[in-house]
Amino acid sequence: GMLHPLDFGMLRSGTEATAQAVRLYTRTHPEHVAFKLDIKNAFNSLSRHSMFDAIRGLPDEPLKEFHAMINTLYRLASTVTYDRDVDGKPSPVIITNAEGVIQGESMASWLFDITYSRQLAALREQAADSGCFIVTFHDDTYLLGPADAAFTIYDQFRDTMAPHGLLSLIHISEPTR
C-alpha cells in the first residue's frame, strides 16, 4: 500500500490503534523506551516541494490524477485576510502561506500522511535493523526500542525531517519505561 502498516493516521480508529500498539509494546518490552516525538505545527510547516515529490512518486496511476487538483490548490501561496480591532477600527491583517497543507481542506491529512510516510520509509528500515519501531498517527510519532538505539534513531529522525520543513519544530518527550 501507500502507507506503512504502522501508519495509523487514515484508520477509522487510528488514535486508539496507536495508543494500543504503544501500550502493548511497552508492556511486552519493559526494558525498552517509548519516545513521543511531537512535530509542532507540522501540517502548516510541511514543505510543499516535498509534498509534490511524494505525490509524483505514487505508484498507482489513478491517484496521480489528483496531481492536477493538488497543483491547483497548492502551487501558489495562499492568503487569508481577517480584520482585527485597532483602536476601535477594523484593520486588515493578511497572512500568506506558502508551506504546509490547507487547514480544513478535505485531503490535508492524506497529503500530510503520504508525504510524511515517504520521508520515514528509509528511517523505518534503519530503526528495524536496530531493534526499534516507529509508529505514527498523522504527525504524532512514537519511537519504541532499546534506549541507545532509540536515541540514535531520534537523531536520524531529526536530520531526516530537516529538509522537509520540520527540523526546528520537533521535540522529544521524556522516555517512559
Side-chain angles (χ1 to χ4, degrees), residues 2-4 6-22 34-58 63-121 123-124 134-143 153-176:
M2 289 182 293
L3 297 175
H4 188 276
L6 294 177
D7 285 327
F8 295 120
M10 300 309 286
L11 294 179
R12 176 176 289 167
S13 300
T15 303
E16 184 63 24
T18 302
Q20 292 295 337
V22 172
F35 295 145
K36 182 175 187 295
L37 310 176
D38 184 21
I39 303 171
K40 295 293 184 187
N41 206 20
F43 283 70
N44 292 326
S45 304
L46 184 69
S47 160
R48 287 188 180 175
H49 179 75
S50 297
M51 183 178 69
F52 279 112
D53 283 349
I55 298 301
R56 280 190 291 274
L58 290 174
L63 294 175
K64 289 185 179 185
E65 294 176 14
F66 284 108
H67 190 270
M69 183 174 60
I70 294 165
N71 188 49
T72 299
L73 288 170
Y74 291 100
R75 180 174 42 95
L76 302 175
S78 58
T79 59
V80 174
T81 304
Y82 69 94
D83 286 333
R84 68 179 178 153
D85 184 36
V86 177
D87 298 326
K89 298 178 186 175
S91 177
V93 175
I94 300 172
I95 300 172
T96 302
N97 185 6
E99 295 297 337
V101 294
I102 300 169
Q103 296 296 316
E105 193 267 310
S106 60
M107 292 191 309
S109 292
W110 180 78
L111 290 168
F112 181 86
D113 288 349
I114 292 296
T115 307
Y116 189 48
S117 184
R118 180 176 176 181
Q119 306 315 320
L120 284 176
L123 190 56
R124 276 197 159 108
I134 298 173
V135 179
T136 61
F137 176 75
H138 299 306
D139 62 323
D140 293 330
T141 303
Y142 295 87
L143 174 56
I153 296 298
Y154 170 70
D155 289 339
Q156 293 171 352
F157 176 86
R158 192 183 58 229
D159 295 344
T160 298
M161 294 301 132
H164 309 288
L166 304 173
L167 173 65
S168 63
L169 306 171
I170 297 170
H171 78 272
I172 189 166
S173 64
E174 289 297 314
T176 56

Carefully, step by step, assess Phe157 and Leu143 under the rule side-chain contact (heavy atoms from CB on, under 4.5 Å).
-> CA-CA 10 Å; Phe157 176 86; Leu143 174 56; 5.9 Å; no
Non-neighbouring partners of Phe52 that pass ring-ring contact (aromatic ring centres under 6.0 Å, His included), sequence neighbours left out = His67
Close side-chain approach of Ile70 and Glu105, heavy atoms under 4.5 Å = no
At their closest point, which heavy atom of Gln119 faces which heavy atom of Ser50, and how far apart are they?
-> NE2-CB, 4.3 Å
If every non-hydrogen atom of Ile102 is compared with every non-hydrogen atom of Arg48, which pair is closest and at what distance?
-> CG1-NH2, 4.3 Å
Going from OH on Tyr154 to OG1 on Thr160, what distance comes out if it is rounded to the nearest 0.5 angstrom?
-> 12.0 Å
Quick one: are Met161 and Leu120 in side-chain contact, heavy atoms under 4.5 Å?
-> yes
In short, Asp139 meets Ile39 closest at the heavy-atom pair OD2-O, 3.4 Å
Quick one: pull up CD1 in Ile134 and OH in Tyr142 and give me the separation to the nearest 0.5 Å.
-> 14.0 Å
Between Leu166 and Leu46, does a side-chain contact (heavy atoms from CB on, under 4.5 Å) hold up when you go through it step by step?
-> CA-CA 7 Å; Leu166 304 173; Leu46 184 69; 4.3 Å; yes
What one should report as the nearest heavy-atom pair of Thr115 and Leu111 is OG1-O, 2.8 Å
Once you round to the nearest 0.5 Å, how far does CZ of Phe112 lie from CE of Met107?
-> 15.5 Å
Nearest heavy-atom approach of Gly165 to Ser47 is N-CB, 4.4 Å
For the student: nearest non-hydrogen atoms of Asn41 and Ser45, plus distance | O-OG, 2.8 Å
So, do Asn97 and Glu99 sit near enough that their side-chain heavy atoms are less than 4.5 Å apart?
-> yes
Does Lys36 reach the side chain of Val22, with side-chain heavy atoms less than 4.5 Å apart?
-> no
His138 vs Phe43 aromatic rings, parallel, tilted or perpendicular, using cut-offs 30° and 60°?
-> perpendicular
Please table the atom pairs, donor to acceptor, closer than 3.5 Å between any side-chain atom in residues 78-96 and protein atoms at least two apart or in another chain.
unit_1	atom_1	unit_2	atom_2	d
Asp85	OD1	Gly88	N	3.1
Asp85	OD1	Lys89	N	3.1

In sequence, state the C-alpha distance, the side-chain angles, and the governing distance for Ile153 and Phe35, and then conclude on side-chain contact (heavy atoms from CB on, under 4.5 Å).
-> CA-CA 11 Å; Ile153 296 298; Phe35 295 145; over 6 Å; no
